[in-house]
Every structure is written in structure tokens, then in C-alpha cells.
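A short worksheet on the structure shown next.
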Amino acid sequence: MATMAERTFGQIPGYPEGTTFDSRAELSEAGVHRPLMAGISGNARDGADSIVLSGGYEDDKDLGDEIVYTGHGGRDPRTGVQVSDQALRGGNLALAKSSLEGLPVRVIRGSRHASPYSPESGYRYDGLYTVDDYWHDVGRSGFLIWRFRLLKVPTVPSAAERVGEGRADYSAAPRRETTVLRVVRDTRQAREIKALYDYRCQVCGTRLEGPAGPYAEAAHIRPLGAPHDGPDTPDNTLCLCPNHHALFDHGGLVIEEDLTMTGAEGRLTVHPRHRISNEHLRYRREHYRAPEEEPRPAARTTT
DNA sequence: GGGCCCGCAGGG
DNA sequence: CCCTGCGGGCCC
């Protein structure tokens, strides 16, 4: 009956960047940031979809396009003073998950946030950011804090992504160079493929694991976007470790028709519930495998 | 249902 | 200004 509204990642239709709100209640009603008090909206499974910078956290840094946001926890609720260490759970784990999955986070600034980028009054939606990095530090209080570096996403996505509903088809996955080359966002189906393989590389079986959980990459067999126009569908997606993803993208790993591999040992691991398109594999071989270096006539002659 | 949280209003 | 009480919604 009272089903929880679906968490929406990305921009909320009807509320473009720069939209202002009088109160947290207005922000909540619009769905731009649902919690009325908490600074982080999200959970450990899906990631964080929005945050609010509203002052009060002494270790925050705001450079406009770059924000170092402080996690929550360890504060006396009355005084706001840090009285113990923070842990990687709750909203903190949600932000870490967003970093692992490359999900966009809506950023809202409040007037009480001491920064040249904060609004005069109320709250303002300031666009989408990715969680580029997260780590722990000793804050000014002397207690452990979790810190999240957020970088502004320069382009505005055309459609919002919804978790739990199957209409997440993107024509392209934008990339951005940061400390590493990282996918800005994965589609729902890409995350499902990674889950199906339990984040193990289909080539080597490697499973990378950090404090917030496992990390793998979704690789497209026939690339997205013009002129390849590969679909963002499970039969065109592989779950790979970063090395084999890069090797695959750059033609150093070729998957043959019988799933043996050139550039790696053995056969590609394929889950029984994962159908991979032979057509897309063929396209990849035809366009990315190193061409045979055959001696050719210097000039074509007609007889 | 318990506990948490970057609100908010009101009073001193 | 600071402090207090009272909170709604949501995560676990």
C-alpha cells in the first residue's frame, strides 16, 4: 500500500540545476532529497542518490566543482560536536557504493553552508556529481571521519535512472578522466550482470574487494554509440576485472566463437543464465582483432 | 519498531 | 546569539 517511492538517480524531471527550495520539506516533497534531516539519501545496496551541504560539518571543503564531503556518525545530536569515530555504514556506505558503481549524486547546497557557492537563502539543487574517491582521515575533532571527494558531472544526462524498474537503456555511458578512467554510471542491467557473476572476471575469475564491497566493470562487446551502435543489453555485456576490460577494449583480448580466448588462457566463463550474442562477439572480432599482416601488392592493378 | 539524522521553531 | 524540544521520514 504505502510503497516507498523508488529511488531516482540523476536529475529529477521538473527540477533542473539551479532550482531553489525554501525548506527541507520542499526538497523532500519534490523528491530531490527525500530525508528531512539526514544529509545523505541512500542505502548500502543501491548507493546514495543525493546529499545536502548545509554547514555544521567542520571538515567539509567546497571548491565548487569539487567537494570533500564529510560522512555522518559520531556526533552528539544536540551539540553537533564530534564525540566518537565514524564508521563506513549507513549513508557513508551508500556514498562508497555510489563510488564503486559510478552513480551520479545530486548535490544540494543550503544557505547555512559557509561557502561562496552556497545560496543566499533556502536550498539550491546544484547538479550531479560523481564520488571520485573516499577515504578516512582524522578530523579537526581528533576522531576518525570518512571523507568523500565529489566531482561535478559536466554534462546533464537526458533521462533519470530508476532503480527497480526496467527502463534503463542508455545510448552511451559517458566517461571522465579522474585518478583512474572510471565509468560514470552503469545501467541497471550492467549491475545485474556483475551481480550474476558475483563480481568475478569472466576471463580470469578475479574478484576485487574493498571496504565497501566488490568492484568489477561491465564491458560492452559491440561498443555503444556511433558508429558501432551496440545495444546496452545483457547479451552484449561482460563482467570483467579492470585489466581484462582494458585489454578487451584495446583489442588485446579476443573471444573466439568457441569461447576460447586469444590473449588469455582458457575459455571465457559464462553463467548458465547469461546468453551472450555470437553476433556481437563476431562484430568485435571483425573490428578489433589485429589484422593479418599479409604482404600486399604495392598497387592494385587491373588486368 | 528502534535508532539515526548537514531541521526548525520558539524562547531566553 | 545559543540552546532546547519536538520532530518526519527512512534505514536496518
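It should be emphasised that the depicted structure is a prediction, and the values quoted were computed from it without experimental measurement. Here is the naming used below: chain letters follow the sequence lines, and residue numbers restart at 1 for every chain.
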Rounded to whole Å, CZ of A:Arg75 lies from P of B:dG7 at a distance of 9 Å

What nucleic acid atoms does A:Gly91 come within less than 4.0 Å of, heavy atoms only: base, sugar-phosphate, or nothing?
nothing

Here the distance between atom C1' of C:dC10 and atom NE2 of A:His72, to the nearest Å, is 11 Å

From the list A:His33, A:Arg34, A:Arg7, side-chain hydrogen bond (donor to acceptor under 3.5 Å, both in side chains) with A:Asp49 holds only for A:Arg7

Checking A:Val203 against A:Asn243 for the side chain to side chain contact (heavy atoms under 4.5 Å, CB included) test, could you report, in this order, the C-alpha distance in whole Å, the side-chain angles of both residues, the deciding distance, and whether it holds?
CA-CA 10 Å; A:Val203 172; A:Asn243 273 1; over 6 Å; no

Side-chain N or O of A:Arg112 versus OP1/OP2 of B:dG7: is the shortest distance under 4.0 Å?
yes

Using a distance-only criterion (donor-acceptor N/O pair, under 3.5 Å, no hydrogens), is the base of B:dC6 paired with the side chain of A:Asp60?
yes

Counting Watson-Crick and G-U wobble pairs only, both distances under 3.5 Å, name the nucleotide matched with B:dC6, or none.
none

Can you measure A:Asn92 atom CG to C:dC10 atom P for me and round it to whole angstrom units?
19 Å

Which residue lies more 5' along DNA chain C, comparing A:Thr79 with A:Leu36 via nearest heavy atoms:
A:Thr79

Take atom CD of A:Glu29 and atom P of C:dC10, then tell me their distance rounded to the nearest Å.
12 Å

Under a plain distance cut-off of 3.5 Å, with no hydrogens placed, do A:Thr233 and A:Gln189 share a side-chain donor-acceptor pair?
no

Between B:dG7 and A:Arg24, is there an OP1 or OP2 to side-chain N/O distance shorter than 4.0 Å?
yes

From NE2 of A:His33 over to P of B:dG7, roughly how many Å is that when rounded to an integer?
8 Å

A:Ser54 side chain: which of C:dC11, C:dC12, B:dG7 is closest?
B:dG7

Is any side-chain heavy atom of A:Tyr283 closer than 4.5 Å to a side-chain heavy atom of A:Ser277?
no

Reckon A:Arg78 has a side-chain N or O less than 4.0 Å from the OP1 or OP2 of B:dC4?
no

A:Asp62 CG to B:dC6 P, in whole Å, measures 17 Å

Can you work out whether A:Gly73 or A:Tyr123 has the more 5'-proximal nearest nucleotide on DNA chain B?
A:Gly73

After noting the C-alpha distance and the side-chain angles of A:Arg289 and A:Ile255, does the key distance pass the side chain to side chain contact (heavy atoms under 4.5 Å, CB included) rule?
CA-CA 10 Å; A:Arg289 187 203 293 274; A:Ile255 300 166; over 6 Å; no

So, does A:Ser23 get its side chain near the phosphate of B:dG7, meaning an N or O under 4.0 Å from OP1 or OP2?
no

